[in-house]
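Below is one structure; the comments refer to it alone.
Treat the numbers as computed from the prediction; the structure is a model and nothing was measured.
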Amino acid sequence: MTTGHLLLSAPSMSGTSLLWYTTRATGIVALVLLTGTVMLGVVGTARAASPRWPRIVTAGLHRNLALTATALVGVHIITTVLDPYASISVVAAFIPFSSPYRPLWLSLGTVGFDLLLAVLITSLLRDRLSHRLWQAVHLMVYVSWPVALWHGLGTGTDTKLPFVLAIDVLCVAGVGWAIWWRLSMTENPMTRLAGLAALAFAPLLTLAFVIFGPLQQGWAQRAGTPTALLGSRTQTQTQTQTQNQTPAASTGASKPVHLVDAKFTGHLTIATAQGQRTITISGSTVAAPKQSFVILLQGAPAGASGVSLTGGTVRIGNSYSGPVIQLAGKNLVAAVSGQAGQRHAVFTLTINGSAVTGTVSLLAETGD
């Protein structure tokens, strides 16, 4: 395969990048709006009101926030299904555990969406339902909030980013304050004590999960990301053997990666199945400490060994991963994110048969 076969048949990836960022943004904003919905609902159970905020205003705001959050969740699901990165089906959006991609954490999102959908449908049919049945279903919106929170923490690619963690902390604090305020007005001391105990335990459990789960290296694999999206099995085995043989290099691999025109060598493999072609480029930088990487390009076959690109991902060690956003000439650009923040990974590729050489740089998006 020559460079021309690969790159001349590959269009710009701006569309895929838009889907990727839209999915992330709508998920975060939907969680914020759902947090506001839950807070207003908890406060509203005490029939709280003031001259500036009469109950008719808070009730209307509560309803509108819920509808907007549900609409954003709908957009979140549509862009997720359309994004070719993880190949998540429409069925997986409604039926838990029907997708191989991070099944537990994706299924939490499915459950949260199903609960919101049940609340929406019963609200539209409220005049035809008994008040008790409508109220029982309506309470599901409070269950959907922790489900959505853990879905975002477990399956989100941005969990390690400081501003995303800050948003999650503020959401937990906001709901925690509303529950604490409501419990302070409860006359039954046993109910108040049990509620306060649960209020203290739930955030601690979530904090422990985040620290020992998503914030740890290798979480993507432990969360259930398919091997094909993490790189070839051979590359994973080779990397593991290298780490076992060279502890110093393994230690350095967990630190933030700094690459500027770093030379690399690698190899290329092509797999075609069910009308789709996957091109995998695996390699590592030449100079120590070496950094491994995997580039995955997917799409319809173009010619004998080319691909008309519909999706692509880049993974650099255990530090950065993200979608390909541009492929033109010898240059490949990916928007990757990791514990150290967001970066642009810029590759120059020279392909000769199955051998690949070139350079790679990690550039800050802000240009600093």
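The two residues Val137 and Ala118 make their nearest non-hydrogen contact at CG1-O, 3.7 Å. Between Ala148 and Leu34, the shortest heavy-atom contact is CB-CD2, 4.1 Å. For Leu183 against Gly195, the heavy-atom pair with the smallest separation is CD1-C, 3.4 Å. Scanning all heavy atoms of the two residues, the minimum distance from Leu153 to Pro214 falls at O-CG, 3.2 Å. For the pair Thr26 and Leu72, the tightest heavy-atom approach, listed with the atom from each and the gap, is CB-O, 3.8 Å. In terms of heavy-atom proximity, Thr159 sits nearest to Val164 at CA-CG1, 4.5 Å.
For the pair Leu31/Asp168, a side-chain contact is recorded, criterion being any heavy-atom separation below 4.5 Å from C-beta on. Residues Phe347 and Asn331 fail the side-chain proximity criterion, which asks for heavy atoms closer than 4.5 Å. The shortest side-chain heavy-atom distance between Val210 and Trp150 does not fall under the 4.5 Å cut-off. With a 4.5 Å cut-off on side-chain heavy atoms, Arg182 and Val43 do not count as touching. Taking 4.5 Å as the limit, some side-chain heavy atom of Val324 sits within range of a side-chain heavy atom of Val314. You'll find the side chain of Thr350 stays beyond 4.5 Å of the side chain of Val356, heavy atoms only. Within the 4.5 Å cutoff, the side chain of Ile88 has heavy atoms near those of the Ser99 side chain. In this structure, Val38 and Ile179 have side chains that are not in contact, with every pair of non-hydrogen atoms separated by 4.5 Å or more.
The backbone N or O of Asn188 lies less than 3.5 Å from no partner atom in the side chain of Thr186, so there is not a single donor-acceptor pair. Ser319 contributes no side-chain N or O that, together with a main-chain N or O of Gly338, makes up a donor-acceptor pair within less than 3.5 Å. With Arg343 contributing its side chain and Leu362 its backbone, the two residues share no donor-acceptor pair below 3.5 Å. For Arg102 (side chain) and Thr155 (main-chain N/O), a donor-acceptor pair under 3.5 Å exists by modelled atom type. The closest donor-acceptor contact from the side chain of Thr285 to the backbone of Gln291 lies under 3.5 Å.
Taken from CG in Leu82 to OG1 in Thr22, the straight-line distance is 10.5 Å, to the nearest 0.5 Å. Considering OG1 of Thr357 and NZ of Lys263, their distance stands at 10.0 Å, rounded to 0.5 Å. How far CG of Leu332 is from CD of Gln326: 9.0 Å, rounded to the nearest 0.5 Å. Taken to the nearest 0.5 Å, the CD1 atom of Ile295 stands 9.0 Å off from the OG1 atom of Thr313. To the nearest 0.5 Å, atom OG1 of residue Thr110 and atom CG of residue Leu117 are 12.0 Å apart. The structure places CE of Met140 at 10.5 Å from CG of Asp114, a figure rounded to the nearest 0.5 Å.
In the hydrophobic cluster analysis, where Ile, Leu, Val, Met, Phe, Trp and Tyr join through side-chain heavy atoms closer than 4.5 angstrom, Val111 is grouped together with Phe113. Val75 and Val81 fall into different hydrophobic clusters, where Ile, Leu, Val, Met, Phe, Trp and Tyr are joined by side-chain heavy atoms under 4.5 Å apart, directly or via other members. Leu125 and Leu120 are assigned to two separate hydrophobic clusters, defined by single-linkage of ILVMFWY side chains at heavy-atom distances under 4.5 Å. By the rule that hydrophobic residues join a cluster once side-chain heavy atoms approach within less than 4.5 Å of another member, Ile121 and Val73 end up as members of one cluster. In the hydrophobic cluster analysis, where Ile, Leu, Val, Met, Phe, Trp and Tyr join through side-chain heavy atoms closer than 4.5 angstrom, Val360 is grouped apart from Val286.
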* What do the steps show when you test Gln342 against Tyr320 for side-chain contact (heavy atoms from CB on, under 4.5 Å), and what is the final call? -> CA-CA 8 Å; Gln342 296 179 331; Tyr320 291 96; over 6 Å; no
* Starting from the C-alpha separation in whole Å, work towards a yes-or-no answer on side-chain contact (heavy atoms from CB on, under 4.5 Å) for Thr278 and Leu296. => CA-CA 7 Å; Thr278 300; Leu296 237 62; 4.3 Å; yes
* side-chain contact (heavy atoms from CB on, under 4.5 Å) between Thr122 and Leu133: does it pass, once the steps are laid out? -> CA-CA 9 Å; Thr122 53; Leu133 175 60; over 6 Å; no
* Stepwise side-chain contact (heavy atoms from CB on, under 4.5 Å) check, Ser337 with Arg24 -> CA-CA 12 Å; Ser337 59; Arg24 296 155 72 184; 4.3 Å; yes
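Between the side chains of Thr359 and Thr348, a donor-acceptor pair is found at a separation under 3.5 Å. For Thr23 and Thr79, the side-chain atoms include at least one donor-acceptor pair closer than 3.5 Å.
The aromatic rings of Phe264 and Phe293 lie perpendicular to each other, with more than 60° between the two planes, well past the 30° mark.
The hydrophobic cluster containing Leu207, built from Ile/Leu/Val/Met/Phe/Trp/Tyr side-chain heavy atoms closer than 4.5 Å, also comprises Ile211, Phe212.
A search for ring-ring contact (aromatic ring centres under 6.0 Å, His included) contacts involving Trp105 returns Phe209, Trp219, not counting sequence neighbours.
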